[in-house]
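Note that ligands are numbered from 1 as they come in the structure, with each ligand's atoms numbered from 1 the same way. Numbers for residues simply follow the sequence, beginning at 1.
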Amino acid sequence: MRIYRFDEIDSTNKFLREKKDVMEKDLAIAKIQTLGRGRRGNKWVSTEGAALFSFVLKHDLEIPEEEYMKLPLLVGYSLLYSLKKIEDLDYRFKWTNDLFLDEKKISGILVEKIGDNYIIGIGLNVNNLNLEEAKNIAISLREKTGKIYDLEKLILTVVEDFYCNFKEFKDGNWKEILEKINRVNYLYGKRIEVVTFDRKESGIAGDILSDGTLEVFVGDEIKKYNIGSIHIAKK
Ligand code: BTN
């Protein structure tokens with residue numbers, strides 16, 4: 001594993017996206033990001049003390065392309081159970097890409113594909129207390145436990161666990177993995193609003209299904225969603 005450490009960089013995802021000789025398991029870690037990016041072009045607040053890192057997964061030709069739709073779920077699952085080993089708290093996985101703790105976001109995941117490589121970017125609030133504009137909706141491990149964590153050790157655990165879990169996935173253990181994901185499904189039973197390209201629908205979220213989609217009970221219909229952005233409806 002090649003590790004690239006930065007005191008400050010625009011974005012670790014961007015660094016790996018633009019790197020010429022990028023290899024599987026390349027890992028970029030930043031103390032601060034000046035242009036941390038989230039999904040749908042959102043900004044990711046990247047203050048010191050957060051774990052800000054990205055790593056590379058090569059597209060494996062033995063795995064059908066559509067299986068990679070599940071990658072964000074697999075990353076979220078892997079991250080959640082790695083965190084549980086470090087601090088056994090009641091984390092929840094919010095389909096498709098976030099981890100929550102006490103109804104606040106503790107981590108966001110951004111998976112991007114560049115050529116034959118997936119760049120997996122994780123922002124995880126660990127030792128940071130100053131969550132700036134995100135403070136009402138975000139939480140860090142330190143805020144919850146009062147402890148300070150060794151960031152690099154935590155990051156290495158997360159990354160190594162991910163490659164092990166990816167191997168399990170490749171070996172055909174998706175059913176077991178999915179069961180464990182559904183045990184920590186943040187959206188389950190919540191009224192949510194699903195926003196797709198041209199529509200907004202309100203319904204009650206159910207399980208994450210075997211193909212990685214989310215089932216939603218809209219009126220007396222059961223719908224499956226795999227695109228669009230999802231919001232929890234205000235009460
Ligand atoms: C989201 O919640 O929308 C995803 C946030 C992902 C943030 C991480 S921080 C490390 C990596 N570099 C980036 O610019 N983004 C990801």
Could you identify the single nearest non-hydrogen protein atom to [atom] and state the distance to 0.1 Å?
atom: atom 9 (S) of ligand 1; result: Q33 NE2, 3.4 Å
atom: atom 5 (C) of ligand 1; result: W44 CE3, 3.5 Å
atom: atom 3 (O) of ligand 1; result: R39 N, 2.7 Å
atom: atom 2 (O) of ligand 1; result: K105 NZ, 2.7 Å
atom: atom 15 (N) of ligand 1; result: R37 O, 2.7 Å

Exercise for the section: Could you tell me whether S11 and ligand 1 have an N or O pair separated by under 3.5 Å? Expected result: yes
Atom indices of ligand 1 within 4.0 angstrom of [X] heavy atoms, with elements:
X: D98; result: 2 (O)
X: G36; result: 14 (O)
X: I109; result: 4 (C)
X: F53; result: 10 (C)
X: G38; result: 1 (C), 3 (O), 4 (C), 5 (C)
X: T12; result: 10 (C), 11 (C), 12 (N)

Handout entry: Gap between atom OH of Y77 and atom CH2 of W174 - 0.5 Å precision
Key = 9.5 Å
Pairwise side-chain contact, [X] with [Y], heavy-atom cut-off 4.5 Å (strictly under):
X: F162; Y: F55; value: yes
X: I181; Y: L73; value: yes
X: R2; Y: L27; value: no

Per-residue contact class, [X] against ligand 1 - non-hydrogen pairs under 4.0 Å:
X: N97; value: neither
X: N42; value: neither
X: K14; value: neither

Exercise for the section: Determine whether the side chains of S78 and N165 contain a donor N or O and an acceptor N or O closer than 3.5 Å. Expected result: yes
Handout entry: Donor-acceptor side-chain pairing of S82 and D161 below 3.5 angstrom
Key = yes
Fill in the blank from the handout: Only one of E112, R37, Q33 passes side-chain hydrogen bond (donor to acceptor under 3.5 Å, both in side chains) with N13, and that residue is E112
Practice task
Check whether the ring centres of F93 and Y186 lie less than 6.0 Å apart, and answer yes or no.
Solution key: no
Problem - Cationic N near anionic O, under 4.0 Å, K104 to E143 - result: no
Exercise for the section: Run the salt-bridge test on K113 and E65 with the 4.0 Å N-O cut-off and return the result as yes or no. Expected result: yes
